[in-house]
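Accompanying notes for the structure given below.
Reckoned from all heavy atoms, side chains included, excluding hydrogens, waters and symmetry mates. Residue numbers start from 1 in every chain, and the chains themselves are labelled A, B, ... in the order their sequence lines are given, proteins ahead of strands.
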There are 2 protein chains.
Amino acid sequence: MDDDRIADIVGQWGRERPDLDPSPLLIIGRIQQLAAVLDEALRPPFAAADLGNGDFDVLAALRREGEPYTLTAGQLSQRMLVTTGAVTKRVDRLIARGLVSRSVSAADARGRVVGLTSTGVALTDRLIEEHLANEAAILRGLTDSDRRTLERLLAAMNRTLTSGDFGPEGGDHDG
Amino acid sequence: MDDDRIADIVGQWGRERPDLDPSPLLIIGRIQQLAAVLDEALRPPFAAADLGNGDFDVLAALRREGEPYTLTAGQLSQRMLVTTGAVTKRVDRLIARGLVSRSVSAADARGRVVGLTSTGVALTDRLIEEHLANEAAILRGLTDSDRRTLERLLAAMNRTLTSGDFGPEGGDHDG
DNA sequence: GCGAGTTGTCTTCCACGGAAGACAACTTAT
DNA sequence: ATAAGTTGTCTTCCGTGGAAGACAACTCGC
């Protein structure tokens, strides 16, 4: 088994390009691999409900918003980090399943308000339980202290990344 | 700015479903978000070379393998965690760019040996330097000790995940 | 050597999401 | 009220990858 694909990769680079330091891959490569494996590991409940992971994202965003479980397409786009075009398609699929509805915003006739149907609320409430249980299971190898540390370090990475000034680009601070 | 999208999400779930523990999202959600942001942050060098991130994966896998910089399609599939169909397409694109070549394996006429051209080696050698520099920059907010801790914890998560027996599925241990 | 099963790769079809443009509806200045 | 510019969403086209099947080439037992 490729129990340590990342370590192998780092070893190979160390041999081939000893002038470089491949150690960042131990963290960044691992995160990327973990994300891929996590997606697959967490998919079964969604697959059983005939939902793409992205579609559940819509349901969850609406559900956790609280009553009346509505967001505009633009808000969904921001929350899910996808384009509005992707939102349109996700919502179209969910409407076909009867899990959400779309209507014209009362405040702005350009706006489309997406809302969970009662079926959608029920399904989401059920799926989020399974989902969080699966996530908890994945983390059960870590102590509480480990988890706090991991949270802190990942949040720190995220801060560096979203501050924008991490690389040769030179972030665009607008004052 | 949505400086802490994940924390917001956890807060929302805490309000809406106080019966559940949303804290796993602080780690797993963060990892998924980080992977997405990392992909984008690390893309520029590849985009400048007119390469998809996945295409660079092929080049890197071949380059770090060492001379003669060759792997079969199946080996590439395993190394990159994609199907052989995806390998075919990635290699097709790279052949069109003159960065790799494909030939029939001497040992097994079904096998296709993919190899870096000299142009491919040169490009990969240049890109991996930029790439690792960018990764190092992303990690510059972490101390050496932080990095070792993070490596350890991520590797631990990976072990739980790949051992298969983390969830309701019940792993398929074959012996 | 031959047939049955297996393996490695490619092909076809499909699902998903991004980019850019279309379009309607909003705002603002006049 | 109107024109010009902006904003929110949808539409179209494209690129990427997965799943399943096609196909050639391999292995093994006889």
Please determine, for the side chain of Thr88(B), which listed nucleotide (dC26(D), dG18(C), dT11(C)) has the closest atom? dT11(C)
Could you state the atom-to-atom distance from CG of Asp39(A) to C1' of dG17(C) in whole Å? 14 Å
Rounded to whole angstrom units, what separation is found between the CG atom of Asp57(A) and the P atom of dA15(C)? 20 Å
The residue, Arg110(B) or Thr83(A), whose nearest nucleotide of DNA chain C is more 5′ is Arg110(B)
Within the structure shown, what part of the strands sits under 4.0 Å from Gly74(B) by heavy-atom distance: base, sugar-phosphate, or nothing? sugar-phosphate
Just compare dG18(C), dA25(D), dC10(C) and give me whichever is closest to any side-chain atom of Thr84(B). dC10(C)
Salt bridge check: are Asp125(A) and Arg63(A) linked by an N-O gap of less than 4.0 Å? yes
Does Arg93(B) make a side-chain N or O approach to OP1 or OP2 of dT16(D) shorter than 4.0 Å? yes
Taking the side chain as every heavy atom from C-beta outward, state whether His131(A) and Leu127(A) have any pair of such atoms under 4.5 Å apart. no
Which nucleotide in dT9(D), dT7(C), dC13(D) has an atom nearest any side-chain atom of Ala73(A): dT9(D)
For the pair made of CG in Leu71(B) and C1' in dG8(C), what is the distance, rounded to whole Å? 15 Å
Integer-rounded Å distance: dG17(C) C1' and Arg43(B) CZ: 12 Å
Reckon Arg112(B) has a side-chain N or O less than 4.0 Å from the OP1 or OP2 of dG8(C)? no
Send over the distance from Asp55(A) CG to dA15(C) P, rounded to a whole Å. 12 Å
Looking only at the side chain of Thr72(B) (C-beta and beyond, no hydrogens), which of the listed nucleotides dT9(C), dA25(C), dG17(D) gets closest? dT9(C)
Hey, does the side chain of Thr70(A) reach the backbone of Val113(A) with a donor-acceptor pair shorter than 3.5 angstrom? no
At 4.0 Å (heavy atoms only), tell me whether Gly85(B) reaches a base, stays on the sugar-phosphate, or touches nothing. base
Does the distance from a Lys or Arg side-chain N to an Asp or Glu carboxylate O, for Arg97(A) and Asp92(A), drop under 4.0 Å? no
Between Gly54(A) and Ala109(A), which has a closest nucleotide on DNA chain C that is more 5'? Gly54(A)
Check the distance between dC23(C)'s C1' and Asp108(A)'s CG and give it to me in whole angstrom. 14 Å
What is the separation between atom CG on Leu94(B) and atom P on dG17(D), rounded to the nearest whole Å? 11 Å
Is there a chain of hydrophobic side chains (I, L, V, M, F, W, Y, each step under 4.5 Å between heavy atoms) that links Leu62(A) to Phe46(A)? yes
Just the rounded figure in Å: distance from C1' of dC14(C) to NZ of Lys89(B). 10 Å
